[in-house]
Amino acid sequence: MNAARAAIPAGSAPRPLERLYAEHDAVTARWMRYETDPALQITYPEMTDVKRPETAAYLRAAGAAVEARRQTTGRVTAAEYAAYRDAVAELERAFEAAEHAAKVQTGEAPPTAAWQDAAQDMLHRSAEAIDRAAGAAASALAAWNSRRGKGTPPNGNGQR
């Protein structure tokens with residue numbers, strides 16, 4: 001009983017959407033440091049240079065995350081939550097890439113190895129494939145349940 005009770009989050013624990021909002025806000029706060037701190041602007045001018053591909057990618061991801069967040073007001077569907085979760089993940093990845101590129105430009109960080117980029121791309125594509133497969137499985141299950149007669153359980157020999 002204690003293990004089951006421990007698995008149930010406390011009433012004050014943040015819910016998944018609230019945690020996602022906090023992650024989004026944290027990335028935005030990290031970005032705003034580069035926008036508002038003169039020392040960081042001088043040290044890392046690439047972080048605010050929209051001509052840099054990494055910065056432009058971050059700004060596109062930020063816009064997509066804001067738009068996805070707007071869709072999560074009121075009653076949120078699983079698809080809306082998943083879209084926002086993916087947008088926030090892409091925002092974090094884009095910010096990390098922009099920050100790394102800025103540090104490489106100043107000589108603070110070594111360039112990323114090509115295998116790391118390939119591995120990151122593979123992980124991203126795998127997550128997308130898993131999401132698509134889960135969606136297809138959910139659709140197939142829903143279709144099967146609707147053909148089955150919506151909730152009338154079969155008896156022991158497969159008849160209703």
Side-chain angles (χ1 to χ4, degrees), residues 3-142:
R5 189 172 291 145
I8 299 171
S12 63
R15 297 176 193 248
L17 190 57
E18 292 168 349
R19 283 195 306 265
L20 206 49
Y21 287 156
E23 288 175 32
H24 184 181
D25 293 342
V27 174
T28 302
R30 287 175 63 195
W31 170 260
M32 288 307 296
R33 285 187 50 229
Y34 288 100
E35 287 281 331
T36 59
D37 185 340
L40 287 175
Q41 286 180 347
I42 292 168
T43 306
Y44 306 105
E46 295 83 8
M47 285 298 286
T48 56
D49 183 0
V50 297
K51 295 178 204 158
R52 305 266 317 157
E54 299 86 2
T55 303
Y58 168 79
L59 292 172
R60 282 190 302 275
V66 167
E67 186 57 37
R69 185 175 186 155
R70 286 186 186 129
Q71 302 300 318
T72 62
T73 57
R75 188 161 176 87
V76 180
T77 66
E80 290 168 337
Y81 176 81
Y84 182 48
R85 179 198 61 214
D86 294 346
V88 170
E90 177 60 22
L91 177 68
E92 289 182 82
R93 191 206 60 74
F95 179 81
E96 293 293 334
E99 190 174 52
H100 180 76
K103 288 182 179 183
V104 166
Q105 198 69 22
T106 61
E108 288 183 29
T112 304
W115 71 267
Q116 289 175 320
D117 290 337
Q120 189 68 26
D121 185 51
M122 186 270 311
L123 287 172
H124 182 70
R125 289 173 189 251
S126 297
E128 288 175 351
I130 289 169
D131 281 345
R132 284 193 305 271
S139 295
L141 182 62

Subject >> Over all atoms of both residues, closest heavy-atom pair of Leu91 and His24 >> reply: CD2-CD2, 3.5 Å
Original post:
Quick one: CZ on Arg52 to CD on Glu46, what's the gap to the nearest 0.5 Å?
Top reply: 5.5 Å
Original post:
Out of curiosity, Leu17 CG to Tyr84 OH, how far, rounded to the nearest 0.5 Å?
Top reply: 7.0 Å
**OP:** Could you pull out the closest heavy-atom pair between Glu54 and Ala97, with the gap in Å?
**Re:** CG-O, 4.0 Å
Original post:
Which pair of heavy atoms, one from Glu108 and one from Thr43, lies closest together, and at what distance?
Top reply: OE2-CG2, 4.2 Å
**OP:** Please list all pairs passing the side chain to side chain donor-acceptor pair (under 3.5 Å) test where one or both residues lie in residues 123-141, with sequence neighbours left out.
**Re:** Arg85-Asp131, Asp121-Arg125, His124-Glu128
Original post:
Would you call Arg69 and Asp25 a side-chain contact if the rule is heavy atoms closer than 4.5 Å?
Top reply: yes
Original post:
Hey, does Met47 have a side-chain heavy atom less than 4.5 Å from the side chain of Trp31?
Top reply: yes
Original post:
Given side chains that start at C-beta, do those of Val27 and Tyr58 come closer than 4.5 Å, heavy atoms only?
Top reply: yes
**OP:** Please report the shortest heavy-atom distance between Thr55 and Asp49, naming the atom on each side.
**Re:** CB-O, 3.2 Å
Subject >> Non-hydrogen atoms of Ala61 and Ala94 that approach each other most closely >> reply: CB-CB, 4.0 Å
Subject >> CE-CG distance between Met32 and Asp37, expressed to the nearest 0.5 angstrom >> reply: 11.5 Å
Original post:
Which pairs, with at least one residue in residues 88-99 and sequence neighbours excluded, count as a side chain to side chain donor-acceptor pair (under 3.5 Å)?
Top reply: Arg30-Glu96, Arg30-Glu99, Tyr34-Glu99, Glu90-Arg93
